[in-house]
Amino acid sequence: MLRIWSLIVLLSLPVMAGAGEFSGPVRVIDADTIDVGTTRVRLHGIDAPEMDQECQTAQGVAFECGRWAADQVRTLFQNRLARCQQVDIDRYGRTVARCLVGDVDMGREIVSLGLAFAYTRYSEAYVLDEKGAAVNSRGLHAMRVQSPAQFRALRTKGRTAPDPACVIKGNISKNGRIFHVPGQEFYDRTGIDIARGERWFCSAAAARAAGWRPAQR
């Protein structure tokens, strides 16, 4: 009788995932970062435009490609159940993982549709998928787009003023020439790219005189 009772208890226990495996509903943060249940996940082997990154259409029109790519991924996967296998932990504490929704490899699907690039620094898994997207001008491959890694490097480089007396950021975006002063909402994340004609200013008056207008927040 004891053996039967022990077997019943054993069968009633939940099935545990293997080491490094987890699952849950998807919440899309951006085109290469998601929440799976309560776990923040950076999808392994892909690199998507940053949320504040802009691209240009073939006609030269500025386009918020980071937000666009995130919206496309959200349409594909939001609230669906993902099964993931952990690969690593990145420097921000996020779980780096490969994830499946049904039988679909999320990373492969995102790269195949041109919503992100193969991140060859860490994996060659999606190189052919990227080539297919490029040949067919899918998604980002139909635009003029800076690699996300280069964008991040330039943004980080341009965040700190070379002259501590001149800390006003003269940014150029699809909304025109806008200057940000310390303490405003988007000041810290705004990078200055001198090569694009962006500038540092020593005063708001100097920025206005040069044709920049103040940021609203």
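Nothing fancy with the numbering, it's 1 onward along the sequence. Everything quoted here is computed from the prediction, not taken from an experiment.
Linking ILVMFWY side-chain heavy atoms closer than 4.5 Å, directly or via other members, places Phe179 and Trp200 in two distinct hydrophobic clusters. Hydrophobic clustering of Ile, Leu, Val, Met, Phe, Trp and Tyr side chains at less than 4.5 Å, counting indirect connections, unites Leu76 with Ile34. Met143 and Ile110 end up in the same hydrophobic cluster when Ile, Leu, Val, Met, Phe, Trp and Tyr side chains are linked at under 4.5 Å. Ile172 and Val145 fall into different hydrophobic clusters, defined by Ile, Leu, Val, Met, Phe, Trp and Tyr side-chain heavy atoms under 4.5 Å apart, directly or through other members. Note on Trp68 and Val111: same hydrophobic cluster, where clusters join Ile, Leu, Val, Met, Phe, Trp and Tyr whose side-chain heavy atoms are under 4.5 Å apart, directly or indirectly.
Contact annotation: the side chain of Val26 never approaches that of Asp35 to less than 4.5 Å [non-hydrogen atoms, C-beta and beyond]. For the pair Tyr92/Thr33, no side-chain contact is recorded, criterion being any heavy-atom separation below 4.5 Å from C-beta on. Contact of the Lys174 side chain with the Glu64 side chain is registered, since non-hydrogen atoms from C-beta on lie closer than 4.5 Å. In this structure, Phe151 and Pro49 have side chains that are not in contact, with every pair of non-hydrogen atoms separated by 4.5 Å or more. Contact annotation: the side chain of Pro214 never approaches that of Ile178 to less than 4.5 Å [non-hydrogen atoms, C-beta and beyond]. Between Arg40 and Asp90 the shortest side-chain heavy-atom distance does not fall below 4.5 Å.
Both tests pass for Lys169 against the ring of Tyr187: distance under 6.0 Å to the centre and angle within 45° of the axis.
Nearest heavy atom pair, residue Arg108 against residue Ala125, reads NH2-O, 3.2 Å. When all heavy atoms of Cys84 and Ala97 are compared, the closest pair comes out as CB-CB, 4.2 Å. The two residues Gly191 and Glu198 make their nearest non-hydrogen contact at O-OE1, 3.4 Å. Taking all atoms of both residues into account, the shortest heavy-atom contact from Ala31 to Leu115 is CB-O, 3.9 Å. Closest approach of Leu140 to Cys65, counting heavy atoms only: CD2-CB, 3.9 Å. Here the closest heavy-atom approach between residue Val36 and residue Ser23 is recorded as CG1-C, 3.7 Å.
Rounding to the nearest 0.5 Å gives a distance of 9.5 Å between CG of Asn171 and CH2 of Trp212. Taking NE2 of His44 as the reference point, atom CZ of Arg98 lies at 4.0 Å (rounded to 0.5 Å). Rounded to the nearest 0.5 Å, atoms CD1 (Ile46) and OH (Tyr126) are 7.5 Å apart. Interatomic distance, Arg177 CZ to Arg199 CZ, rounded to the nearest 0.5 Å: 8.5 Å. Expressed to the nearest 0.5 Å, how far CG of Asp193 lies from CD of Gln146 amounts to 7.0 Å. Note that the CZ atom of Arg217 and the CD atom of Gln184 stand 10.5 Å from one another [nearest 0.5 Å].
Under a 3.5 Å cut-off, the side chain of Arg83 and the backbone N or O of Glu21 do not form any donor-acceptor pair. With hydrogens and angles disregarded, a donor-acceptor distance shorter than 3.5 Å links the side chain of Asp32 to the backbone of Ala48. Between the side chain of Thr75 and the backbone N or O of Asp71, at least one donor-acceptor pair lies under 3.5 Å. The backbone N or O of Phe186 sits less than 3.5 Å from a side-chain atom of Thr190, completing a donor-acceptor pair. Listed for the Thr57 side chain is a donor-acceptor partner under 3.5 Å among the backbone atoms of Val61. The backbone N or O of Ala206 sits less than 3.5 Å from a side-chain atom of Ser203, completing a donor-acceptor pair.
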Q: Kindly determine whether Glu130 and His141 satisfy side chain to side chain contact (heavy atoms under 4.5 Å, CB included), including the steps that lead there.
A: CA-CA 9 Å; Glu130 181 182 305; His141 300 282; 3.9 Å; yes

Q: Just do the side chain to side chain contact (heavy atoms under 4.5 Å, CB included) check on Cys202 and Ile168 with the steps written out, would you?
A: CA-CA 6 Å; Cys202 303; Ile168 295 175; over 6 Å; no

Q.
Assess the residue pair Phe22 and Thr95 against the criterion (side chain to side chain contact (heavy atoms under 4.5 Å, CB included)); give the C-alpha distance rounded to whole Å, side-chain angles, the decisive distance to 0.1 Å, and a yes or no.
A. CA-CA 11 Å; Phe22 57 97; Thr95 297; 4.0 Å; yes

(Q) Set out, in order, the CA-CA distance, both residues' side-chain angles and the distance that settles side chain to side chain contact (heavy atoms under 4.5 Å, CB included) for Gln78 and Arg27, then state yes or no. (A) CA-CA 5 Å; Gln78 184 82 349; Arg27 185 170 74 92; 3.9 Å; yes

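Proximity of the aromatic rings of Phe201 and His180 is defined here by a centroid distance below 6.0 angstrom, and this criterion is not met.
Look at Arg152 and Glu50 and you find a salt bridge, because one of the NZ, NE, NH1 or NH2 atoms lies within 4.0 Å of a carboxylate O, short of that distance. Salt-bridge check for Asp47 with Arg42: passed, with a basic side-chain N closer than 4.0 Å to an acidic carboxylate O.
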